[in-house]
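Every heavy atom of this structure was used, including side-chain atoms; hydrogens, water molecules and symmetry mates were not.
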Amino acid sequence: SLTGNLSVAGNLTVQQGTLNLSGHNLSVGGDISATGSGSISSSSSSNITLSGSGNVGDINFAAGGNMLGQLNVNLTGNGSVALQSNVNITGALNLNSGSLMVGSNQLTLSGSISGSGSISTTASSGIVLSGSGNVGNLIIGGGTIGNLTVSLSSGGSVSLNSNLTVNGMLSVTGGTFNLNGYDLTLNGTVSVTGSGAIGGNIHSNLTVNSSGEVATLVFAGSGSTLNDVTIHIGGTGSISMGSNLTVDGSLSLQNGSLS
């Protein structure tokens with residue numbers, strides 16, 4: 001366990017056992033390796049800052065110790081760091097440069113997102129956004145995610161800053177998920193309930209490639225316009241509108257129904 005803040009100028013390797021941050025901050029200037037039987041245990045009182053170069057390694061958080069106050073990613077040389085476990089960041093995710101690779105884990109963000117870096121996801125990745133206010137821009141490197149949950153407090157919002165394909169479920173239960181001029185492709189199901197809404201944009205395209213009952217789309221009052229909308233739902237599947245929508249470009253009903 002740490003008894004104070006720790007700054008490692010070189011590499012940090014946790015081969016076995018657990019490094020408990022005990023509410024203190026950790027800074028690593030080189031590579032970080034906490035995988036296999038080695039792990040880091042943290043809480044919402046601790047921050048981690050990574051400022052190496054290139055692919056700096058992997059972070060495995062201990063079960064019951066997978067919370068952080070802030071994660072600061074300042075990587076150079078097309079740098080990246082990979083999660084090997086779920087993590088909940090209760091404060092800010094500062095992606096100043098480089099990429100945070102989620103892999104087949106779940107990243108929960110209860111605070112804000114900032115910076116020009118990206119979150120790299122796959123079809124088995126999950127992201128949960130549960131902050132308040134305008135939490136920032138979501139840049140998804142690779143453009144594909146498994147499940148995305150937007151559960152912001154009333155009046156909250158998050159904006160896409162890259163095209164996105166959701167292969168599993170898009171769940172918007174609170175706040176506004178702004179497309180911000182980028183394209184959204186849904187290959188699974190969508191659930192827009194409660195105070196949640198999708199913020200359209202005249203430059204954004206929506207494509208629904210799913211099967212069965214996809215559920216209901218609800219658009220924000222000030223963001224109820226899209227460019228092109230393509231519906232291709234397998235079988236006798238359908239998608240329902242829970243609000244008004246203006247399609248400024250083309251509406252292509254290739255298969256399935258829109259009601």
Side-chain angles (χ1 to χ4, degrees), residues 1-2 5-6 8 12-28 31-52 55-75 79-115 117-132 135-142 144-152 158 166 168-169 171:
S1 296
L2 295 184
N5 297 334
L6 175 64
V8 181
L12 172 65
T13 303
V14 185
Q15 294 180 338
Q16 192 168 353
T18 300
L19 173 63
N20 194 331
L21 301 189
S22 299
H24 300 290
N25 300 330
L26 172 66
S27 298
V28 180
D31 293 348
I32 184 168
S33 176
T35 57
S37 58
S39 64
I40 293 174
S41 180
S42 178
S43 70
S44 59
S45 300
S46 294
N47 304 325
I48 292 180
T49 299
L50 305 172
S51 53
N55 184 349
V56 299
D58 307 276
I59 306 179
N60 179 39
F61 288 93
N66 60 343
M67 298 183 74
L68 276 176
Q70 288 188 8
L71 177 61
N72 306 307
V73 179
N74 309 316
L75 304 176
S80 64
V81 61
L83 291 178
Q84 295 296 327
S85 62
N86 300 335
V87 65
N88 182 351
I89 302 174
T90 61
L93 171 60
N94 297 315
L95 291 167
N96 299 312
S97 57
S99 176
L100 174 64
M101 302 173 68
V102 178
S104 13
N105 304 294
Q106 179 172 293
L107 172 65
T108 300
L109 300 173
S110 303
S112 60
I113 315 165
S114 67
S118 65
I119 301 173
S120 179
T121 58
T122 68
S124 57
S125 302
I127 294 179
V128 176
L129 303 170
S130 59
S132 61
V135 300
N137 294 329
L138 192 60
I139 305 175
I140 303 294
T144 299
I145 194 171
N147 300 313
L148 175 62
T149 299
V150 179
S151 182
L152 305 174
V158 63
V166 182
M169 172 173 272
S171 176

Enquirer: Rounded to the nearest 0.5 Å, what separates atom CG in L2 from atom CG in N20?
Expert: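 Going from CG on L2 over to CG on N20, the span is 7.5 Å.
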Enquirer: Go through the structure and list residues passing side chain to side chain donor-acceptor pair (under 3.5 Å) with T49, not counting sequence neighbours.
Expert: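 T49 satisfies side chain to side chain donor-acceptor pair (under 3.5 Å) with N72 only.
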Enquirer: Show me the donor-acceptor pairs within less than 3.5 Å that the side chains of residues 57-69 make with the rest of the protein, sequence neighbours left out.
Expert:
| unit_1 | atom_1 | unit_2 | atom_2 | d |
| --- | --- | --- | --- | --- |
| D58 | OD1 | Q84 | NE2 | 2.9 |
| N60 | ND2 | G38 | O | 3.2 |
| N66 | ND2 | N86 | O | 3.4 |

Enquirer: If I take atom OG from residue S80 and atom CG from residue L50, how far apart are they, to the nearest 0.5 angstrom?
Expert: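 Those atoms lie 11.0 Å apart.
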Enquirer: So, using side chain to side chain donor-acceptor pair (under 3.5 Å) as the criterion, who are the partners of S124 when residues are at least two apart?
Expert: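 With neighbours one apart ignored, the set is T122.
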Enquirer: Would you check if the side chain of N25 reaches a backbone N or O of N47 as a donor-acceptor pair within less than 3.5 Å?
Expert: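 Yes, the answer is positive, given that a donor and an acceptor are paired below the 3.5 Å cut-off.
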Enquirer: Tell me every residue that passes side chain to side chain donor-acceptor pair (under 3.5 Å) with N137, counting only those two or more places apart in sequence or in another chain.
Expert: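 If we apply the side chain to side chain donor-acceptor pair (under 3.5 Å) test to N137, skipping adjacent residues, there are no hits.
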Enquirer: If you take all heavy atoms of Q70 and N94, which pair is closest and at what distance?
Expert: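 So the minimum-distance heavy-atom pair works out to OE1-ND2, 3.6 Å.
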Enquirer: Test side chain to side chain contact (heavy atoms under 4.5 Å, CB included) on V28 and V56; report intermediate values, then the result.
Expert: CA-CA 10 Å; V28 180; V56 299; over 6 Å; no
Enquirer: Only counting residues at least two apart or in another chain, list the ones meeting side chain to side chain contact (heavy atoms under 4.5 Å, CB included) with V73.
Expert: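 Partners of V73 by the side chain to side chain contact (heavy atoms under 4.5 Å, CB included) criterion, ordered by chain and then number, come out as L71, L75, L95.
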Enquirer: Set out, in order, the CA-CA distance, both residues' side-chain angles and the distance that settles side chain to side chain contact (heavy atoms under 4.5 Å, CB included) for V135 and L109, then state yes or no.
Expert: CA-CA 9 Å; V135 300; L109 300 173; over 6 Å; no
Enquirer: Checking V14 now: which residues fulfil side chain to side chain contact (heavy atoms under 4.5 Å, CB included) with it, not counting sequence neighbours?
Expert: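 V14 satisfies side chain to side chain contact (heavy atoms under 4.5 Å, CB included) with L12, L19, A34 only.
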Enquirer: Can you name the side chain to side chain donor-acceptor pair (under 3.5 Å) partners of S39, sequence neighbours left out?
Expert: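 Residues passing side chain to side chain donor-acceptor pair (under 3.5 Å) with S39: T18.
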Enquirer: Tell me which donor-acceptor pairs under 3.5 Å the side chains of residues 99-106 have, and how far apart each pair is, sequence neighbours excluded?
Expert:
| unit_1 | atom_1 | unit_2 | atom_2 | d |
| --- | --- | --- | --- | --- |
| N105 | ND2 | L83 | O | 3.1 |
| N105 | ND2 | V102 | O | 2.9 |
| Q106 | NE2 | T108 | OG1 | 3.4 |

Enquirer: Would the distance check show the side chain of N96 and the main-chain N or O of N74 forming a donor-acceptor pair, the cut-off being under 3.5 Å?
Expert: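 Judged by distance alone, no pair lies under 3.5 Å.
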Enquirer: Please walk me through it: do I89 and L107 pass side chain to side chain contact (heavy atoms under 4.5 Å, CB included)?
Expert: CA-CA 8 Å; I89 302 174; L107 172 65; 4.0 Å; yes
Enquirer: State which residues pass side chain to side chain contact (heavy atoms under 4.5 Å, CB included) with T13; sequence neighbours excluded, sorted by chain then number.
Expert: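 T13 satisfies side chain to side chain contact (heavy atoms under 4.5 Å, CB included) with Q15, S33 once adjacent residues are dropped.
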Enquirer: Would S46 and L26 count as a side chain to side chain contact (heavy atoms under 4.5 Å, CB included) here? Give the steps.
Expert: CA-CA 8 Å; S46 294; L26 172 66; over 6 Å; no
Enquirer: Rounded at 0.5 Å granularity, tell me how far CG in L138 sits from OG1 in T121.
Expert: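 Here the rounded value is 8.5 Å.
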Enquirer: I need the S125 OG to L148 CG distance, nearest 0.5 Å.
Expert: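 Between S125 OG and L148 CG, I get 11.0 Å after rounding to 0.5 Å.
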Enquirer: Sequence neighbours excluded, which residues qualify as side chain to side chain contact (heavy atoms under 4.5 Å, CB included) partners of S45?
Expert: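 S45 satisfies side chain to side chain contact (heavy atoms under 4.5 Å, CB included) with S43 once adjacent residues are dropped.
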Enquirer: Give, for atom CD1 of I40 and atom CD1 of I32, the distance between the pair rounded to the nearest 0.5 Å.
Expert: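 Rounded to the nearest 0.5 Å, the CD1-CD1 separation comes to 4.0 Å.
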Enquirer: Is any side-chain heavy atom of I119 closer than 4.5 Å to a side-chain heavy atom of I145?
Expert: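 Counting from C-beta outward, I119 and I145 never come under 4.5 Å.
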Enquirer: Distance check, rounded to the nearest 0.5 Å: S110 atom OG versus L152 atom CG?
Expert: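 These two atoms lie 10.0 Å from each other.
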